[in-house]
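Everything below concerns the one structure shown next.
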Amino acid sequence: MKKSLILLVVFLCLAAVASAETKFSMELWNRWTYHMTDGEVDQNEMNLSRGYFRIEPVFTPNIKGRFNLDFFSDEGMSNGAGIKLKYAYLDFSNILWEDANLTVGLMKTYFGTIYDWEYVTIEKDPSDKYKFVASTDYGLGISGYLPQGFGTYAFAAYNGEGYKKTGEHLNTAMNFCADVRLTPMAGLTVGGSYYMMNKNNDKIDDVDNPDRIEYNMMAGVARITLIPNVDIWAQYLTRETDKPHMDDYEAVTDQAISIIPIISLQEFTGKDLELVFRYDMYDNNTDVDNDVAGSGAYNTTIAGVNYYMMRDEKNSPKLWLQVNYSMKDKLDEDADDSSSIEAQLRWKFSENL
C-alpha cells in the first residue's frame with residue numbers, strides 16, 4: 001500500500017510539471033562493503049546503497065520545486081529493495097525580501113553541515129551518523145544570504161520526526177532551528193546552529209509515554225581553505241536530552257567532534273583525485289568515564305580517495321569512485337573494535353524537458 005501511494009505521488013508530480021520547465025535526474029551508488037569485528041569477517045556484500053530519482057520543475061524564475069525518491073537494496077529489507085520519499089518541497093525566491101527563499105514541504109534540515117553534506121566520505125554526515133537530526137523533515141523555512149556576501153542564514157520550523165516515521169509516531173509539538181554561517185575573510189567560514197526539539201506521543205523502552213522528551217542541540221562549524229589544494233571542515237555537536245516527566249531522571253549530554261581534511265592531488269598528478277581523511281570522536285554521556293564497562297563512546301578514523309572520472313559543464317561530478325578504509329575504536333575496554341573497507345561507484349545523469 002505504501003509503495004503504491006508513493007508511485008501515485010510520482011505520477012501526479014509528472015502530470016503537474018508537464019507544462020513547466022523540468023529537470024529529471026538520477027544518481028546511483030553501487031557499493032561493496034567488507035566489514036570485520038574483532039578480526040572476524042561479518043559482512044562482505046555488494047548492493048545499491050542509494051538510488052535517487054529527482055524531479056525539479058521551474059514554474060517561474062522565482063518558484064521552483066524538488067521531488068526525490070530514495071531507492072535502496074540494503075538496510076535488511078526482506079524483499080531486497082526499499083523506497084523512501086526524501087524531498088518534496090517548493091521554493092519561493094525573492095517573495096519576502098531580496099535574496100530570501102521561502103521553502104515549504106519535505107525539506108533540508110538546517111543544522112550543522114547536514115544540509116550541504118555531499119558524502120565526501122562514504123560515511124554519513126556527523127549529525128546523521130550520531131542521530132542528532134534527520135537530513136530532511138517536513139516544515140517551513142526562510143533562508144538566504146547576508147548583505148555583501150558576509151554569510152548565510154536559515155530559520156525553520158519542523159515536525160521533528162524526520163522523513164521516515166508515520167502514523168502514531170508523528171510528533172505533535174513543533175520544533176525550531178536556526179543556522180548562521182559567516183565569512184569574515186576569504187578562505188574562512190565559521191557558523192553555528194541551534195535546534196530546540198520537543199517530542200511526544202512516542203515510546204521509551206517499549207512503554208507508552210505521552211509526555212515530552214526535550215532536546216537542546218547546538219552545532220559549531222568551521223571551514224578553512226587558506227592552504228592551496230587543502231579544504232578542512234571541523235564540527236562540534238552537543239545535545240542535552242531531558243525527560244521532565246520522570247522525577248528521578250537527570251539530563252544526559254552527548255557530544256561529537258569531527259575533523260575532515262580534503263587534499264586535492266590534481267595539480268600534482270594531472271588526475272582529478274582527492275585524498276580524504278576524517279576523525280570523529282563521539283561521547284554518548286559526558287558525565288560517565290568513556291572507558292567504563294558499557295560505555296557507548298568511540299572514535300572513528302577514515303582514510304580514503306575520491307577519483308572523479310567525469311564532470312558536467314558546471315564542474316559537478318557525473319561519474320566518480322570512492323574508496324574508504326575505516327576503523328572504529330570503542331573506548332570501553334571490553335568492547336570489540338571493528339574496521340571496514342568500502343568501495344563505491346557513484347554516477348548520475350539528468351535531462352531537461
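As the structure is a computational prediction, the values presented were derived from the model and not from experiment. The residues of the chain are indexed from 1 along the displayed sequence.
Between Tyr52 and Trp29, the two ring planes are perpendicular [angle over 60°; tilted spans 30° to 60°].
By the 4.5 Å heavy-atom criterion applied to side chains, Tyr325 and Thr301 are not counted as neighbours. In this structure, the side chains of Tyr249 and Thr241 come closer than 4.5 Å at one or more pairs of heavy atoms. A 4.5 Å side-chain heavy-atom check between Arg278 and Pro126 finds at least one atom pair inside the cut-off. Using a 4.5 Å heavy-atom cutoff, the side chains of Tyr110 and Ser193 are not in contact. Side-chain contact between Leu345 and Leu319: present, with at least one pair of heavy atoms (C-beta onward) separated by less than 4.5 Å. Between Asp254 and Tyr130, the closest side-chain pair of non-hydrogen atoms is not below 4.5 Å. Counting only heavy atoms from C-beta outward, the side chains of Glu274 and Asp231 never approach each other to under 4.5 Å. Ser135 is not listed as a side-chain neighbour of Lys124, based on a closest heavy-atom distance of 4.5 Å or more.
The backbone N or O of Ala134 lies less than 3.5 Å from a partner atom in the side chain of Thr109, making a donor-acceptor pair. Of the possible polar contacts, one joining the Asn306 side chain to the Val120 backbone as a donor-acceptor pair under 3.5 Å is found. For the pair Ser127 (side chain) and Val133 (backbone), a donor-acceptor distance under 3.5 Å is absent. Between the side chain of Asn175 and the main chain of Asn198, a donor-acceptor pair closer than 3.5 Å is present.
Side chains of Asp91 and Thr103: a donor-acceptor N/O pair is present below 3.5 angstrom, by distance only. Side-chain polar atoms of Tyr298 and Asp280 form no donor-acceptor pair below 3.5 angstrom. Checked by atom type, the side-chain pair Ser264/Asn229 shows no donor-acceptor distance below 3.5 Å. For Asn47 and Trp32, the side-chain atoms include no donor-acceptor pair closer than 3.5 Å. No side-chain donor-acceptor contact under 3.5 Å links Asp272 and Trp320. Counted by atom type alone, Gln344 and Glu342 present zero donor-acceptor pairs between their side chains at under 3.5 Å. No hydrogens or angles considered: a donor-acceptor pair under 3.5 Å links the side chains of Thr113 and Asp125.
Within 6.0 Å of the NZ atom in Lys348, the count of heavy atoms belonging to other residues, nucleotides or ligands exceeds 12. Within 6.0 Å of atom OH in Tyr145, 12 or fewer heavy atoms from other residues, nucleotides or ligands are found, so the atom counts as exposed in its surroundings. Under a cut-off of 6.0 angstrom, the local environment of CG in Leu146 is crowded, with over 12 non-hydrogen atoms contributed by other residues, nucleotides or ligands. Remark: Lys64 NZ is loosely packed, at most 12 non-hydrogen atoms of other residues, nucleotides or ligands lying under 6.0 Å away. Other residues, nucleotides and ligands place no more than 12 heavy atoms under 6.0 Å from the CH2 atom of Trp347.
Salt-bridge annotation for Arg346 and Glu27: present, with a side-chain N of the basic residue lying under 4.0 Å from a carboxylate O of the acidic one.
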* **Leu237 and Tyr282: CA distance, side-chain angles, deciding distance, side-chain contact (heavy atoms from CB on, under 4.5 Å) verdict** => CA-CA 9 Å; Leu237 305 170; Tyr282 176 66; over 6 Å; no
* Go through Gln266 and Tyr308 one step at a time and tell me if the side-chain contact (heavy atoms from CB on, under 4.5 Å) criterion holds. => CA-CA 10 Å; Gln266 189 166 16; Tyr308 301 96; over 6 Å; no
* Under the side-chain contact (heavy atoms from CB on, under 4.5 Å) rule, what do Asp287 and Thr253 come out as? Steps first, then yes or no, please. => CA-CA 8 Å; Asp287 292 327; Thr253 300; 5.7 Å; no
* **Residues Asp116, Arg181; criterion salt bridge (Lys or Arg N to Asp or Glu O under 4.0 Å); working and verdict** => CA-CA 12 Å; Asp116 52 5; Arg181 290 189 190 176; 2.6 Å; yes
* **Residues Phe92, Asn62; criterion side-chain contact (heavy atoms from CB on, under 4.5 Å); working and verdict** => CA-CA 6 Å; Phe92 299 88; Asn62 291 325; over 6 Å; no
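Note on Leu48: it clusters hydrophobically with Val323, by side-chain heavy-atom contacts below 4.5 Å among ILVMFWY residues. Both Leu140 and Ile95 are part of a single hydrophobic cluster, where members link through side-chain heavy atoms under 4.5 Å apart. If you chain together hydrophobic residues whose side chains sit under 4.5 Å apart, Ile257 and Trp117 never meet in one group. The cluster map of Ile, Leu, Val, Met, Phe, Trp and Tyr, joined by side-chain heavy atoms under 4.5 Å apart, puts Met107 and Met196 in different clusters. Residues Tyr138 and Leu69 fall within the same hydrophobic cluster, defined by Ile, Leu, Val, Met, Phe, Trp and Tyr side chains chained together at heavy-atom separations under 4.5 Å.
Taking both residues in full, the closest heavy atoms of Asn284 and Ala297 are given as OD1-N, 3.3 Å, listed atom of the first, atom of the second, then distance. Nearest heavy-atom pair, Gly51 versus Met26, reported as atom, atom and distance to 0.1 Å: C-CE, 4.3 Å. When every heavy atom of Asp137 is checked against every heavy atom of Glu161, the shortest pair comes out as OD2-N, 3.5 Å. Considering every non-hydrogen atom in both His35 and Ser340, the closest pair reads CD2-CB, 3.7 Å. Nearest heavy atoms, Gly65 versus Leu90: CA-CD2, 3.8 Å. The shortest heavy-atom contact between Glu123 and Asn324 is N-OD1, 4.4 Å.
A cation-pi geometry, defined here as NZ or CZ lying under 6.0 Å from the six-membered ring centre and within 45° of its normal, does not hold between Lys271 and Tyr307. The cationic atom of Lys108 (NZ for Lys, CZ for Arg) does not lie both less than 6.0 Å from the six-membered ring centre of Tyr115 and within 45° of the ring axis.
Going from atom CD of Glu240 over to atom OH of Tyr215 covers 12.0 Å, rounded to the nearest 0.5 Å.
Screening Asp42, Asp336, Asp337 for a side-chain hydrogen bond (donor to acceptor under 3.5 Å, both in side chains) involving Thr37 leaves a single residue, Asp42.
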